[in-house]
Amino acid sequence: MSQIPIPEDRHFRPRLLGYDPQKSRPWLERTVYSAYVFVFWLIVIGTYAGVPALFGALGWDSGWGFVLMRTLQVVLLFLLSAVIALLLILLLRKYLGKVQERYGPMHYGPAGGIQTVFDALKLLAKEDFVPAAADVLTFRLAPAITFVASFAMFAVIPFASGWVLADTNVGLIYLIAVSTLSAYGVLLGGVSSGNKWALIGALRAGAQMVSYEIPLALVFLTVAVWSGTLSLGGIVDAQLGLWNFLPLALPFVLYVIASLAELKHIPFDFPEAESELIAGYNVEYSGMSFAFFFLAEFVELFLLPALIVVFFFGGWHGPLFGLEPGSLAAGALESLYFTAKTAVWVWIFLWIRATLPRYRDDQLMEFAWKAMIPLALFGLVLAAYLRLIWR
Amino acid sequence: MSTMSLEPVPGRSDEMIVNMGPQHPATHGVLRVVLGLEGERITRAVPHIGYLHRNHEKIEEARTYPMVIPYTDRMDYVSGTQNELPFVLAVEDMLGIEVPDRAKKIRTMFFELYRLASHLVWMGTAMLDLGAISPFLYTFWDREIILGIVEKTAGARMLPNYYTFGGVRRDVHPDFFKDVADFLDHMERRMVDYEHLVLESPVVHARTIGVGVLSKERAVARGVSGPVLRASGVAYDVRKAFPYDAYPDVEFEIPTSPDGDTYARFWVRFQEMYQSIRILRQLVELTPKTGPYKGKAPARIKPPAGERYRAVENSRGELGVLVVSDGTDKPYRVKHRGAAFSNLQIVPDLFEGAKFSDAIAILASLDPVFGEIDR
Amino acid sequence: MGLLGSDERPRDIVLGTLDDLINMARSRSMWPLTFGIACCAIEMMATWDPKIDADRFGMFFRNTPRQADVMIVSGTVNKKLAKRLRRLYDQMAEPKWVISMGACANQGGPFRQGYSVVEGVDKIVPVDVYIPGCPPRPEALLQALLLLRDKIADRELRYKKPRAIPTDYDVLAEPGKDGRLPVL
Amino acid sequence: MEARMKQERLYDEDVYTVHPEDYRALCERLAGEGYDFPRAISGIDMGYGLRVTLQLTRMKDLAKVTVRTDVPYDNPVVPSVTDLWPGVEWYEREAYDMLGLRFEGHPDLRRILLEDEWALHPLLKRYDTGGYPVPGWEPKPWPDPEPWAPPPPPEPEEAGEADEGGEAS
């Protein structure tokens, strides 16, 4: 008869049957995740410094060579997004385990390190089912739209000074356009599934989108007004002395809330709402189609915190220890700062996910229309006024 | 109304008929509710039960009296021994068996331990329905401790078949009282966390306050009992109204709330957990450490012809049983009065007009268990 | 279940290795369907609690049958539920497995003689692993899941000729012996 | 009504056994007396007919009462009391499902636990546990005196005591 220990304090660790608690091996976990982050960092350096340097050395940086270079960068970014998704899913599960007094995945790979690789492989080989009631073309297209929309946001994310695929001067407008697109994928996927739960999920996604997009756009506008530019690199540069979250405290808070809504993240995960809508918009998706929704969700879980960092926390800024700005070493260090700041925000999002229940969908809409939009407008006016008298 | 599902109303194209269950994560088992949805608002709701109908009442007629007890266990499977007690009490009444005082107290301790276990399961699953994952894991870990205590004595975790006519089947494990006392210390600390997680959470407030209001008169007329009834302001508790076992010997209160909404039902269950801890604290002190655990019962249980209704207050309300005996060693008829069965009847009342998300919260606050509803 | 949907063992060394890899991935990422039926469902939930924590082995619940790999039949299946259970099984995407948890799902358990109970869930869906007990302890379910993992990953077990799978509900639709009334 | 009603005290409950025609009238009287909490309606196969047992509690003073009535197999019709106590709705449906008792005036009388297609009322004693007919089962003759016949008039010297006991309501 197994005896359950009566724990001495509130925050005890469970004793597993037949498993040594030492097996959790925190040093191993740290090593594995550091390795993942290292791979991530290497890909970033390779994409933004390695590939241009290589092509520059070969003299292929114009004409078709340029096209080839950009293509290679995009392929590397795709790899990066896969690494992000695999790492974040694993981190989410391990972190939920930590919060919930258990271990989380730990048996496959060192410290559970290749668990998500197995998951991805399994989904790859699983039957990709199209229901009879579905609209096949839209049903197939929807995950792709969602994923491409999330992935396209990478184009304007500055990982370090100058390390950006397209440092366009309409970066913010591009972001608004592209981030809204990902909701279309959810909407189309839900509607085309021919399932009522998916339909409700899609309708919720649509209703949610029109609610949070307006405060989100207003916050974008505030940041643009404050920084005097629409380019993301310019926004980061404008924060050299003072990070935006201090003068723009109100838009910052609104932006975090709206990001949670855009991510379809607890406490605003209404389109998915597992305990209400079974799986919401992706209820009929299996195999790889589902994996793409999953992938897009976790890529966004990286990108939206990254945007918080870009807009409010000085992007890649950090002490350079005398490194020459613009050099490879400085770029690598800056991208590390950027990643670290983003990681803190990812962790905050995971923390919210592990802790909070879910609001009701109309409560978000009410909050968005009655509180967030007026507050965002107020923040915009305030930022414009401050900008007039200060800068 | 069709027999199996809702028919669309002619001319109403804005209503969507949705079938929720039997496999739905928020139905706590195999409930099926056919909903008419107008956007997010529920216009009509027809619950369908019976997906776990296991012919309890028929098969119990073909079993001898002691053999019925394990079957009763499997009704409200979350609250273990609580189901055995009404049947045991009814047969004891019919036979006139005297139960020793110590046996009564041990029974009551198990009864309250399982109430805590059941409310813990409720809290975890209700929070899961509201979207929070972590409380589920915390409550199940605490429940494991209770089941460990029960297992040491009764030999089984969930469905221990521990009560018998005249007392309990075997004496408690020597560690029992210490284990319970330790567990209560632990539980009191954990309750602080649970209050933070559940009762004080602003998200829970937003989801539950003013949602699914059940009026006092409606609750009584619908035969609702247990925490759901007490959350509507009726201080009806079988433990006080028709005391059984050791309940006359202990002090406890009946928490009631006048609000009748989903939050009130959450709150009342929380207060019941505090009362359970209080009862168990008293019983750890009051129960003699040694002594008889079983009264004198005949070797062959053959109650005289007649019938007897006995009820207990289990985790969900008044769990009753009507035992009809024809003088043989098998009951002529065993009719279970399910608390969750009665409570579930208010589903159409509370669902209609509510939002779909509210319906999930309301269902979580009713805490149905389908072993007992479908029997 | 082979890589390309056939039950033949691939002869090719590349395909064979890939097949092994895919099946290893499948065995290490089994997502059960959230489908609690009766008493066993509580113990099934307890298998994911901090004490046992089946999530260590990469298993977590999916609510929709399309995304689930394993159906854990956790409780008594009666004739009313049987059609829905079979429908859920049909809705699951290939490859899929079934664990019959507890005496009721195995053969009807204590309710075996009753009029409403299906005497064994293997009359409706093909079962891979049976767990005895009423209800089985969470440890037993974990062991069953690990047995299933080995079964999926193991070549010899995987390519054994599968038991005949009932494809329709005729078991339930039979009008019944001597005067028993049709149940469907 | 009084002529066809047996009243007794069983443990802590008042038990009324009435003719099916008087069942509804008695229930209305009890509702008027403040019995507001319906505990259950149970159907019992008595061998000669079907018995309906309605159990009520009065929340005010926790008085308990049981109402019984017996109906023959060939015409198992009982008036429904769902309008008096909505909480018996599912119990009446269950009794219909399990025993075939038909409650007249019930708003939605259909099977609750078994599927609609079933023709079986499994709790009838003529079926065994598996739902098969019991070989050689015959209904018993209707009891004489009938279940609701009041007990024979007591001996003269005990009449006073019995009258006092019988006044309870």
Side-chain angles (χ1 to χ4, degrees), chain A residues 2 4-5 12-19 23-24 90 93-94 96-97 100-109 112 114-129 131 193 195 197-198 272-280 282-287 289-291 293-294, chain C residues 1-5 15 18-31 33-36 46-70 88 90-97 137-143 145-146 149 152-153:
Chain A
S2 77
I4 290 142
F12 56 91
R13 293 301 302 263
R15 300 280 180 273
L16 298 174
L17 295 166
Y19 287 95
K23 266 205 164 181
S24 91
L90 187 63
R93 289 171 73 176
K94 290 299 274 192
L96 282 180
Q100 294 161 356
E101 303 170 344
R102 59 190 178 88
Y103 291 140
M106 63 181 279
H107 284 295
Y108 305 135
I114 52 174
Q115 177 63 56
T116 44
V117 179
F118 280 143
D119 288 343
L121 266 177
K122 181 207 74 175
L123 284 173
L124 191 75
K126 199 163 169 67
E127 181 188 7
D128 202 344
F129 192 86
S193 292
N195 182 308
W197 298 112
E272 205 168 343
E274 293 225 326
S275 60
E276 293 172 16
L277 302 183
I278 301 174
N282 63 30
V283 72
E284 291 285 354
Y285 282 92
S286 64
S289 312
F290 165 67
F293 273 128
F294 222 53
Chain C
M1 193 61 60
L3 170 67
L4 305 174
L15 272 188
L18 190 61
D19 194 60
D20 278 354
L21 180 69
I22 295 286
N23 278 301
M24 188 169 175
R26 281 172 179 163
S27 70
R28 273 140 180 83
S29 159
M30 295 186 292
W31 296 351
L33 177 67
T34 319
F35 185 35
T47 314
W48 268 259
D49 77 3
K51 184 183 158 201
I52 310 289
D53 189 18
D55 190 30
R56 284 179 297 147
F57 297 93
M59 297 177 266
F60 64 90
F61 282 109
R62 290 302 305 177
N63 291 334
T64 157
R66 303 273 188 230
Q67 293 155 17
D69 306 305
V70 185
L88 281 170
D90 290 342
Q91 282 176 341
M92 286 165 69
E94 290 282 349
K96 52 196 173 186
W97 298 275
R137 300 176 63 91
E139 294 90 324
L141 178 58
L142 184 67
Q143 194 198 5
L145 286 162
L146 297 184
R149 175 192 74 182
I152 297 168

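Just so it is clear, the values below take in all heavy atoms, side chains as well, and ignore hydrogens, waters and symmetry mates. Chain letters run A, B, ... following the sequence lines, proteins first and then strands; every chain starts at 1.
For A/Gln115, the part sitting under 4.5 Å from any heavy atom of chain C is the side chain, from C-beta outward, and nothing else. Of the atoms belonging to C/Met59, it is backbone heavy atoms, and not side-chain ones, that fall under 4.5 Å from chain A. The part of A/Leu123 that comes within reach of chain C is its side chain, from C-beta onward, which places non-hydrogen atoms under 4.5 angstrom from that chain. Neither the backbone nor the side chain of C/Ala54 has a heavy atom closer than 4.5 Å to any heavy atom of chain A. Neither the backbone nor the side chain of A/Asp128 comes within less than 4.5 Å of any heavy atom in chain C.
If you take CG on A/Leu124 and CD1 on C/Ile22, they are separated by 6.0 Å, rounding to the nearest 0.5 Å. Separation of atoms CG (C/Asp53) and CE (A/Met106) is listed at 8.5 Å; rounding is to 0.5 Å.
The shortest distance between side-chain heavy atoms of A/Lys126 and C/Asp69 falls below 4.5 Å.
For the residue pair C/Thr64 and A/Ala279, the shortest heavy atom distance occurs at CG2-CB, 3.5 Å. Taking all atoms of both residues into account, the shortest heavy-atom contact from C/Ala25 to A/Leu121 is CB-CB, 3.5 Å. Residues A/Asn282 and C/Arg62 come closest through the heavy atom pair OD1-NH2, 4.4 Å.
With sequence neighbours left out, the ring pair (Phe, Tyr, Trp, His ring centres under 6.0 Å) criterion links A/Trp197 to B/His24, B/Phe356. Remark: C/Ser27 pairs with C/Arg149, C/Ile152, C/Ala153 by the side-chain contact (heavy atoms from CB on, under 4.5 Å) rule, at least two apart or across chains.
C/Arg26 contributes a side-chain N or O that, together with a main-chain N or O of A/Ala125, makes up a donor-acceptor pair within less than 3.5 Å. A donor-acceptor distance shorter than 3.5 angstrom exists from the side chain of C/Gln67 to the backbone of A/Tyr285, with no hydrogens or angles considered.
Ring planes of C/Trp31 and A/Phe294: tilted class, angle from 30 to 60°.
Of the listed residues (A/Ser286, A/Gly287, A/Gly97, A/Gly104), the one with the most heavy-atom contacts under 4.5 Å to chain C is A/Gly104.
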